[in-house]
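Notes follow once the structure below has been shown.
Numbers here simply count residues along the sequence, with the first being 1.
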Amino acid sequence: MTKNLVISQEEKRGSATFQVFCFTNKIRRLSTHLELHKKDYSSQRGLRKILGKRQRLLAYFSKKNIVRYKELISQLNIREIKNR
């Protein structure tokens, strides 16, 4: 997945879209690492922290701009957040 596909030119590094993109890449990288190293508990903890950050950011983004949120989750191939 390329950054240009998800992030347009006007969006910067601090934008919610860019942060979700970066968190998703980190999550995928850590998931593949943990498939090989099942007992790496510090990486498991880091993965859970990043998942929580991305979940909170997606919740904020879904409230702020639902159309862009739907586009983002479809482009990144991630599931929709659960409604509480």
Calculate, to the nearest 0.5 Å, the distance between atoms [atom1] and [atom2] belonging to [X] and [Y] respectively.
X	Y	atom1	atom2	value
Arg79	Leu58	CZ	CG	12.0 Å
Ile66	Arg68	CD1	CZ	12.5 Å
Gln55	Phe23	CD	CZ	12.5 Å
Gln44	Ser31	CD	OG	10.5 Å
Arg54	Leu76	CZ	CG	8.0 Å
Arg28	Asn77	CZ	CG	6.0 Å

*Under the ring-ring contact (aromatic ring centres under 6.0 Å, His included) rule, what pairs show up with a residue in residues 31-60, not counting sequence neighbours?*
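Qualifying pairs: His33-His37.
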*Hphob cluster co-occupancy, Tyr69 + Val67, side-chain heavy atoms under 4.5 angstrom*: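 Linked within one cluster.
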_Minimum heavy-atom distance between Leu30 and Gly46, given as atom pair plus value_ =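 Heavy atoms only, the tightest pair is CD1-C, 4.3 Å.
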*asked:* Between Glu80 and Lys70 (side chain of the first, backbone of the second, donor and acceptor by atom type, cut-off under 3.5 Å), is there such a pair?
replied: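 Side chain of Glu80 to backbone of Lys70, a donor-acceptor pair under 3.5 Å: no, none is there.
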*With no hydrogens and no angle check, is any side-chain donor or acceptor of Ser43 less than 3.5 Å from a backbone partner on Asp40?*
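No.
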*asked:* Given Val20, which partner from the list Ile73, Leu57, Asn25 fulfils the side-chain contact (heavy atoms from CB on, under 4.5 Å) test?
replied: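 Only one option passes, and that is Leu57.
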*Member of Ile27, Leu72, Thr24 meeting the side-chain contact (heavy atoms from CB on, under 4.5 Å) criterion with Ile78*: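 Single side-chain contact (heavy atoms from CB on, under 4.5 Å) partner of Ile78 among Ile27, Leu72, Thr24: Thr24.
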